[in-house]
Amino acid sequence: MTASAKPARALRRDIVTAIPGPRSQQLMERRHSVVARGVGSALSAYIEAASPGLLHDVDGNTLIDLGSGLGVTSVGNAAPEVAAAVREQASRLTHTCFLASPYEAYVDVCEELARLTPGGHEKRSVLLSTGAEAVENAVKIARAATGRSAVVALDHAYHGRTNLTLGLTARNAPFKQNFGPFTPDIHRIPASYPYRDPEGMTGEQAARRALEALDRQVGGENVAAVVVEPVQGEGGFIVPAAGFLPTLARWCQEHGALFVADEIQSGFCRTGAWFASEHEHVVPDLVVTAKAIAGGLPLSAVTGRAELMDAVQPGGFGGTFGGNPVACAAALASIRLMRDGDLAGRARHIGQVLFVRLGALAARHGALAEVRGRGAMVGVEIVRPDSDRPDAELASRIAAACQARGVLLLTAGTYGNVLRFLPSLVMPDALLSDALDVLEECCVQLIG
Ligand code: PLZ
């Protein structure tokens with residue numbers, strides 16, 4: 001089909017069949033005989049194109065996307081500038097492998113990472129393909145740089161699905177069930193979860209609770225790295241109490257351990273700053289990035305203090321596809337869009353809209369127990385009447401009702417009871433408002 005023959009697509013929510021429609025149903029049937037059942041999909045409709053904030057399915061439906069492909073499409077999933085950069089790069093060079101024969105775009109991306117990540121110190125980066133792969137490499141760097149092996153992760157953490165990162169990930173089903181054993185010398189400490197922590201617990205107190213457990217069970221002198229999501233994503237969009245992150249970072253510094261910020265979901269403008277660590281003036285030793293960095297192409301990175309990164313011997317990093325040139329070109333275009341369009345400012349604006357609207361909804365419906373987040377990374381914790389008991393079933397029913405009306409709203413959380421709002425940072429205001437109207441209708445219908 002030529003560009004001019006493209007069907008006209010609605011630039012607003014537009015549902016013309018049941019969800020899933022007939023074409024999507026056919027695809028579901030084909031899928032069942034060839035795609036492994038372990039691969040899930042939140043939405044039952046199949047998508048063929050996107051516009052800012054919108055997904056167009058194969059049956060002519062247009063849905064508002066509040067999930068951004070799991071926090072990836074901050075600049076959109078069809079940004080013309082990214083598409084043009086990809087086209088240009090792909091027509092010149094799709095691949096050489098940087099290990100075999102280097103190219104400029106890799107160096108350009110590392111220069112951007114050195115400029116953008118927190119701290120004015122000298123930095124080095126390594127580029128990889130997926131978030132989990134980057135977290136694994138951060139652990140390798142920490143072990144090489146410290147000569148220690150213990151790695152520490154938090155309750156409610158999510159760091160990926162490879163064997164090492166599953167060990168860091170907290171939640172068993174569905175992530176870890178049946179897949180162990182996991183790599184040794186990974187230790188878990190309590191997180192700061194203000195909604196579920198004792199009333200009034202400060203960030204410093206939560207950090208002391210965590211560090212006391214760490215000192216007792218592992219010993220500070222054995223710790224290579226403490227790996228932390230500055231805003232916990234899959235665990236339930238949990239913002240730690242103020243003071244928690246800086247206290248952990250200080251402990252790391254005092255004990256010669258690396259503070260590793262997993263900014264895979266929270267990074268690149270999502271929380272209203274380039275990186276979520278900045279909200280508490282934390283300067284991590286290593287910053288891990290992926291997801292939004294490249295406008296939808298697979299790219300990830302570890303960026304850190306030069307002397308730590310360079311503790312890894314020449315040839316110690318690698319991978320066939322790490323820092324692929326097309327992904328690097330997409331990253332450079334995406335970063336330019338974030339900078340020129342002040343997408344951190346857009347994230348703060350979206351966050352304000354979400355907080356006002358969701359706050360009003362929570363005031364009406366007790367089941368919406370807490371609205372929390374930073375910037376355009378906002379979660380709503382759903383509980384049973386007059387308690388703080390998680391209500392995953394209601395969260396799923398709300399998400400399903402929104403989906404049927406053309407709003408893709410995802411859930412998250414250790415208890416599966418958090419509605420997650422992760423819209424594209426180029427989502428037009430009118431679409432966000434319409435999506436929130438739909439959510440409101442669904443809440444009235446399901447909760448009363
Ligand atoms: N660290 C903080 O959010 C990926 C997971 C989706 P990969 N989150 C989405 C799923 O269910 O598999 C993530 C993250 C944080 C690491 C990762 C892992 O990144 O690119 O999925 O490997």
Side-chain angles (χ1 to χ4, degrees), residues 35-43 65-74 126-139 151 153-177 179 186 191 225-240 245 259-268 270-271 275-277 284 286-303 319 321-324 327 330-331 373-379 399 408 410-414 416 418 420-422:
V35 178
R37 67 174 187 149
V39 188
S41 295
L43 181 66
D65 178 14
L66 294 177
S68 292
L70 302 179
V72 171
T73 56
S74 296
V126 54
L127 303 186
L128 304 142
S129 303
T130 69
E133 190 189 8
V135 173
E136 290 235 359
N137 277 274
V139 170
V151 180
L154 299 178
D155 264 343
H156 312 290
Y158 185 95
H159 297 292
R161 292 183 187 250
T162 57
N163 184 274
L164 186 145
T165 57
L166 275 180
L168 296 171
T169 291
R171 184 175 170 181
N172 180 44
F175 303 136
K176 299 164 84 163
Q177 180 73 33
F179 297 148
I186 290 174
V226 178
V227 184
V228 173
E229 294 159 86
V231 177
Q232 291 189 306
E234 306 305 310
F237 283 39
I238 305 164
V239 184
L245 296 173
F259 183 87
V260 179
D262 177 344
E263 293 257 16
I264 287 169
Q265 191 157 164
S266 58
F268 283 102
R270 173 53 59 187
T271 67
F275 294 95
S277 301
L286 303 180
V287 179
V288 188
T289 51
K291 289 200 189 272
I293 187 175
L297 272 82
L299 185 72
S300 63
V302 186
T303 302
F321 289 122
N324 167 273
R374 283 196 195 280
M377 187 171 180
V378 174
L408 177 56
L410 303 176
T411 59
T414 295
V418 176
R420 59 154 92 177
F421 297 82
L422 210 56

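Whatever order the structure lists ligands and atoms in, that order sets their numbers, starting from 1.
- Checked against a 6.0 Å centroid threshold, the rings of F421 and F237 do not count as neighbours.
- Looking at every heavy atom in both residues, L164 comes nearest to I186 through O-CD1, 3.7 Å.
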Quick one: ligand 1 N/O to protein N/O pairs below 3.5 Å?
unit_1: ligand 1; atom_1: 1 (N); unit_2: Y158; atom_2: O; d: 3.4
unit_1: ligand 1; atom_1: 1 (N); unit_2: D262; atom_2: OD1; d: 3.4
unit_1: ligand 1; atom_1: 1 (N); unit_2: D262; atom_2: OD2; d: 2.7
unit_1: ligand 1; atom_1: 3 (O); unit_2: Q265; atom_2: NE2; d: 2.8
unit_1: ligand 1; atom_1: 8 (N); unit_2: E234; atom_2: OE2; d: 3.4
unit_1: ligand 1; atom_1: 8 (N); unit_2: K291; atom_2: NZ; d: 2.9
unit_1: ligand 1; atom_1: 11 (O); unit_2: R161; atom_2: NH2; d: 2.8
unit_1: ligand 1; atom_1: 12 (O); unit_2: Y158; atom_2: OH; d: 3.1
unit_1: ligand 1; atom_1: 12 (O); unit_2: R161; atom_2: NE; d: 2.7
unit_1: ligand 1; atom_1: 12 (O); unit_2: R161; atom_2: NH2; d: 3.4
unit_1: ligand 1; atom_1: 20 (O); unit_2: G131; atom_2: N; d: 2.8
unit_1: ligand 1; atom_1: 22 (O); unit_2: G131; atom_2: N; d: 3.4
unit_1: ligand 1; atom_1: 22 (O); unit_2: A132; atom_2: N; d: 2.8

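- Side-chain contact of T169 with H159: a donor-acceptor pair under 3.5 Å is absent, judged by distance alone.
- Minimum interatomic distance between A138 and L286 (heavy atoms only, all atoms of both residues): O-CD1, 3.6 Å.
- The closest donor-acceptor contact from the side chain of K176 to the backbone of L166 lies under 3.5 Å.
- Considering E234, H156, Q232 as possible partners of T414, the one that fulfils the side-chain hydrogen bond (donor to acceptor under 3.5 Å, both in side chains) test is H156.
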